[in-house]
Amino acid sequence: MRAQARRPLAAVALAAVAASLLTACGADAAATAQPGTVVDVAWSGQLTSGNAASAQGRTGANLDVAAMTRGAFAEVDAAGEVREDPSFGVATIVGDAPFTVRYDLADGARWSDGVPVDAADLMLAWAAGSNALSTPDLELEALRGEDGALDLPDDAVWFDVADAGGLRHADGAASRDDWARSIDVPLAQPVPDWRTMLDVAVPAHVLGQRAFGVSDPMEAKQRVLDAIDRADPLALAPLAEEWSTGFAVATADPDPASLLSSGPYRVDVVRDGRVELVANGSYVGDRGARVERVALHDVADGAAALRAVAGGDLDVATVRPAADDRMVVRDLERAGATLSEAGSDRRWELVLRTDRGPFRSPDARRAFLRLVDRGALVEAALGEEAESAPVVDGILFLPSTRLAGYAAEDAGFQDAFPRTDEEEAAALRDAAAVAAGTEVCVRYDRGDAVAAGALPALAAQAAAAGWSVRDCGADDLADGLAQDDWHAVLRAVEVPADVEAIDERWRGGGIAAAPSPERDALLDEALSTAEPEALETTLLELEAALVADALVLPIAQVPQLTVSAAGVQGVAPRAGDAPLTWSAWEWSIDPAATP
């Protein structure tokens, strides 16, 4: 965060502007940006692709950049709510049989080279996301090499999309209105992510220019539309290949066309482990950048990032704080930095296996889970840092979100798993017909210091209630879980980000091996629900069912700290993709608070 004379990097930034690797139409800064302002961000990785929707391009670093440079109909915010952007376009349900969604672009939406975002871009996004026009019955796993790339037959068509979302239920061809710059997408069933599933990830005119060897952007768009309209494999094959692999970014000399923007920022410099983005002068939506320039720096580790913020070389960093960082964090707070513990999407949990061993009955599972003092486990593992890892009282939802609050009220988690004393815990074990001394083999990742540190405390708590916990740690947790000798697993996992992730985690009982027709029916209902309130009701019922079945005990949230230097405002970390940069357009600088 600086005016451009504050730090040594300012001179680099000025030189980089003069010798920019990438050029865009329009001014160097959007009208809303504060002239001369820069925010330097600790970042991990490197920019490798301008198509973060592709299987090979979907990396954390590429998603960070895409969030700043791509317009979208809607996104999920830090509170877990869907936030729409009508200044880019509007998604509306326009039919029930079949379920049909209209995506209607706002007037003025355009790429940073001045070419309009139009129906060609939407049709391309549909064709790529749905693969509705692709070659059927391809054995993709057999065709995928060790590097992740597909080796397709010459006549095969496949857009190698990382996550199709609801578009995997595409039913028939999308139709378009070129004058209205809209398309209608029919689906075989309602889907919960209909507002966010259409990802306008790459510009159709750039793809058409490359795939078909034409120079005029509007002609290139038409060639893309012709290929889609005719479902012509000969034309679609090079289009799909280019979409899947053609937007790779060479760090030494990136092609400007691979990094066009339809969002508030555009990529300006890619050099020496740093990506600089500048306010997009061609952007006309409601989310214009307030900070003129954001620089992403690849920083080795959290301690280095904190030192850089303390030393004035960085302005924003997200770290997992360690004991050695305590004094640095304290000094930053005293200097006016903003500290946020929000945004972590990982937690430790204890899952019980129900298909063998002592946990076949719900009563046995409840007896074991109720003996666990979760706070004591975290304190044993983290010591003084335990206060930064709050205990979690829910299964499906991120803490501090609206749905997590509803779940705490409706599902009865705290009533189901109150901490019991040793005598009551032993009585619960006896009532469940579990013999004293029954052994529980607990699998965990030996490389996870918290899980390893918590296990002795868990063993002591269990012993007091008449159970015997055996250390079944594994050097490779996935391999360890593939074996049959364990009864419980203590692990760190991501909280499911959407309904599909919840389904993947719990369909058929998941890792707990506890099938339930009731829970699977709720999952089926959730996956085919488009109305937000109905979806919330179904997910809350699923939460209650999981609590009642006593399959899993969330322990605590994995600590995460985001530090914003004094004067930097609006940084709102979220869980999931692009945890910081998703709202970079809202960042601003208060000159009065700037050192």
Side-chain angles (χ1 to χ4, degrees), residues 51 53 70-74 84-111 114-134 157 159 161 164-191 193-212 214 216-240 242-243 260 262 284-285 530:
N51 183 5
R70 293 293 184 268
F73 290 92
E84 297 174 316
D85 181 12
S87 71
F88 179 79
V90 176
T92 311
I93 298 172
V94 295
D96 296 322
F99 181 76
T100 303
V101 183
R102 177 169 296 161
Y103 297 94
D104 192 353
L105 288 164
D107 292 338
R110 61 180 180 261
W111 298 100
V115 175
V117 182
D118 60 19
D121 298 286
L122 300 183
M123 291 295 288
L124 173 61
W126 165 78
S130 69
N131 268 303
L133 306 178
S134 296
V157 177
F159 293 87
V161 64
L167 282 177
R168 64 170 50 91
H169 298 291
D171 182 26
S175 59
R176 70 178 187 275
D177 184 331
D178 292 320
W179 292 105
R181 299 165 73 195
S182 70
I183 68 169
D184 288 358
V185 176
L187 302 170
Q189 65 177 53
V191 294
D193 64 342
W194 59 272
R195 289 173 290 180
T196 59
M197 69 180 181
L198 193 73
D199 187 356
V200 186
V202 300
H205 67 286
V206 172
L207 194 67
Q209 287 170 326
R210 292 175 172 178
F212 304 127
V214 298
D216 181 81
M218 302 315 290
E219 180 185 351
K221 281 179 179 281
Q222 188 59 53
R223 292 286 296 274
V224 170
L225 287 173
D226 289 344
I228 294 172
D229 289 346
R230 298 168 184 167
D232 178 4
L234 293 178
L236 286 170
L239 201 67
E242 188 67 26
W243 188 94
L260 293 182
S262 58
V284 296

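This one's a predicted model, so the numbers in the text were calculated from it and none came from an experiment.
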With no hydrogens and no angle check, is any side-chain donor or acceptor of [X] less than 3.5 Å from a backbone partner on [Y]?
| X | Y | value |
| --- | --- | --- |
| Arg176 | Leu225 | no |
| Asp118 | Arg181 | no |
| Asn51 | Val202 | no |
| Asp216 | Glu219 | yes |
| Trp194 | Val101 | no |
| Asn131 | Phe159 | yes |
| Arg102 | Thr92 | no |
| Thr100 | Pro98 | yes |

What pair of heavy atoms forms the shortest contact from [X] to [Y], and how long is it?
| X | Y | value |
| --- | --- | --- |
| Asp193 | Gly166 | OD2-N, 3.0 Å |
| Asp177 | Ala119 | O-CB, 4.4 Å |
| Trp243 | Ala128 | CE2-CB, 3.5 Å |
| Ala106 | Pro86 | CB-O, 3.5 Å |
| Ala530 | Pro190 | CB-CB, 3.9 Å |
| Leu122 | Ser182 | CD1-CA, 4.1 Å |

Are the side chains of [Y] and [X] in contact, using a 4.5 Å heavy-atom criterion?
| X | Y | value |
| --- | --- | --- |
| Tyr103 | Val200 | no |
| Val161 | Leu167 | no |
| Val224 | Met123 | no |
| Phe88 | Leu105 | yes |

Notebook entry, point to check: Given Gln189 and Asp171, is the side chain to side chain contact (heavy atoms under 4.5 Å, CB included) satisfied, shown in steps?
Noted result: CA-CA 9 Å; Gln189 65 177 53; Asp171 182 26; over 6 Å; no
Checklist line | Mutual orientation of the aromatic rings belonging to His205 and Trp111 [parallel < 30°, tilted 30-60°, perpendicular > 60°] | finding: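 Answer is tilted, since the angle falls between 30° and 60°.
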Distance in Å, [X] [atom1] paired with [Y] [atom2], rounded so as to fall on 0.5 Å steps:
| X | Y | atom1 | atom2 | result |
| --- | --- | --- | --- | --- |
| Thr196 | Glu84 | OG1 | CD | 10.5 Å |
| Leu187 | Met197 | CG | CE | 4.5 Å |
| Phe212 | Gln222 | CZ | CD | 11.0 Å |

Margin query: Looking at Arg168, I want to see if its CZ is surrounded by more than 12 non-hydrogen atoms of other residues, nucleotides or ligands under 6.0 Å.
Written below: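 Counting neighbours around CZ of Arg168, more than 12 heavy atoms of other residues, nucleotides or ligands fall under 6.0 Å, so yes.
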Next item on the list: Applying side chain to side chain contact (heavy atoms under 4.5 Å, CB included) between Ser175 and each of Val185, Ile183, Asp184, report the one that passes.
Entry: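 The single option meeting the side chain to side chain contact (heavy atoms under 4.5 Å, CB included) with Ser175 is Asp184.
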